[in-house]
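Since this is a predicted model, take the numbers as computed values, not measurements. Here, residue 1 is the first one in the sequence, and each next residue gets the next number.
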Amino acid sequence: MIIDQNANTSIITQEKATIITLVSKLQEAYSKFKNNNIIIVLTQLNPLGVNDINEFLQISNTHREAKHSFVVVSSKIDLDIVPDDIIVVPTIQEAYDVIEMEDIERDLGF
C-alpha cells in the first residue's frame, strides 16, 4: 500500500496484495485519512469483479457520510456492474473530477 498526499486528498495505491488485505489495512489506518478525500488506485491489480469492489462499500459509506469523497480507480472492471453506492472511475483524473464536483455539491448544501 503506497500512500500519497495531495492537498486534502489521500491517494492510496495497491500494487500486489489482495483487496481484502487492502481494505483491512485501510480500516486499521482510517484515522489518518478520515478528514481527507480518498482515492483508491487499483490500476496495477488484475481484473476486478463486483465482489472486489463491494469490499470497499462499508468504508466508502462511512467516509461519504462524514462528507468526504471516496473514489476507486480501476480500468479493469466493467463499470456497468458496479453498484451505485460506490464510485469507480477508470482514471485518476476522473477521480479528481468527481471529488471536485462533490466538493461543489457540499458547498451548495446538497
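Grouping the Ile, Leu, Val, Met, Phe, Trp and Tyr side chains by contacts below 4.5 angstrom, directly or via other members, places Ile59 with Phe33. Ile39 and Ile3 fall into different hydrophobic clusters, where Ile, Leu, Val, Met, Phe, Trp and Tyr are joined by side-chain heavy atoms under 4.5 Å apart, directly or via other members. By the criterion of side-chain heavy atoms lying less than 4.5 angstrom apart, applied directly or through intervening Ile, Leu, Val, Met, Phe, Trp or Tyr residues, Val41 is not grouped with Ile2; the two fall into different hydrophobic clusters. Tracing side-chain contacts under 4.5 Å through hydrophobic residues (I, L, V, M, F, W, Y), one never reaches Val72 starting from Met101; they form parts of separate clusters. If you chain together hydrophobic residues whose side chains sit under 4.5 Å apart, Ile77 and Val98 never meet in one group.
Atom OG1 of Thr62 is separated from atom CG of Leu57 by 9.5 Å, given to the nearest 0.5 angstrom. Separating the CG atom in Asn54 from the CG atom in Leu48 is a distance of 11.5 Å, to the nearest 0.5 Å.
Checking side-chain atoms of Gln27 against main-chain N and O of Ala29 turns up no donor-acceptor pair under 3.5 Å.
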query: Which is it for Ile40 and Leu26 under the side chain to side chain contact (heavy atoms under 4.5 Å, CB included) test, yes or no, and what are the steps along the way?
result: CA-CA 10 Å; Ile40 305 293; Leu26 276 175; 3.6 Å; yes
- Does the side chain to side chain contact (heavy atoms under 4.5 Å, CB included) test come out yes or no for Phe56 and Leu42, once each step is laid out? CA-CA 12 Å; Phe56 293 101; Leu42 303 176; 3.8 Å; yes
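Screening residues 28-53 for salt bridge (Lys or Arg N to Asp or Glu O under 4.0 Å) gives no qualifying pairs among residues at least two apart or on separate chains. Within the structure, the salt bridge (Lys or Arg N to Asp or Glu O under 4.0 Å) test picks out no pair touching residues 86-100 (sequence neighbours left out). Among residues at least two apart or in separate chains, there is no salt bridge (Lys or Arg N to Asp or Glu O under 4.0 Å) pair with a member in residues 71-92.
The two residues Val73 and Ile92 come nearest to each other via the heavy atoms CG1-N, 3.8 Å. Between Pro90 and Ser75, the closest heavy-atom pair is O-CB, 3.9 Å. The shortest heavy-atom contact between Asn37 and Ser69 is OD1-N, 2.8 Å.
Take Ser60 and apply the side-chain contact (heavy atoms from CB on, under 4.5 Å) test, not counting sequence neighbours, and it matches Arg64, Phe70, Ile86. With sequence neighbours excluded, the residues forming a side chain to side chain donor-acceptor pair (under 3.5 Å) with Asp103 are Arg106, listed by chain and number. Listed by chain and number, the residues in a side-chain contact (heavy atoms from CB on, under 4.5 Å) with Gln44 are Glu15 (sequence neighbours excluded). Ser74 pairs by the side chain to side chain donor-acceptor pair (under 3.5 Å) definition with nothing, not counting sequence neighbours. Evaluation of the side-chain contact (heavy atoms from CB on, under 4.5 Å) rule for Asn6 yields Ile11, Tyr96 as partners, not counting sequence neighbours. Residues meeting the side-chain contact (heavy atoms from CB on, under 4.5 Å) test with Lys25, sequence neighbours left out: Met1, Thr21. Residues passing the ring-ring contact (aromatic ring centres under 6.0 Å, His included) test with His68 are His63, sequence neighbours excluded. Partners of Asp4 by salt bridge (charged side-chain N to carboxylate O under 4.0 Å, His left out), not counting sequence neighbours: none found.
Two residues are said to be in side-chain contact when any heavy atoms from C-beta on lie closer than 4.5 Å; Ile12 and Leu22 meet this criterion. For the pair Val50 and Pro83, the minimum side-chain heavy-atom distance is below 4.5 Å.
No more than 12 heavy atoms of other residues, nucleotides or ligands shown are found within 6.0 angstrom of CD on Gln58. For Ile20, the CD1 atom counts as loosely surrounded, since its 6.0 Å shell holds 12 or fewer non-hydrogen atoms of other residues, nucleotides or ligands.
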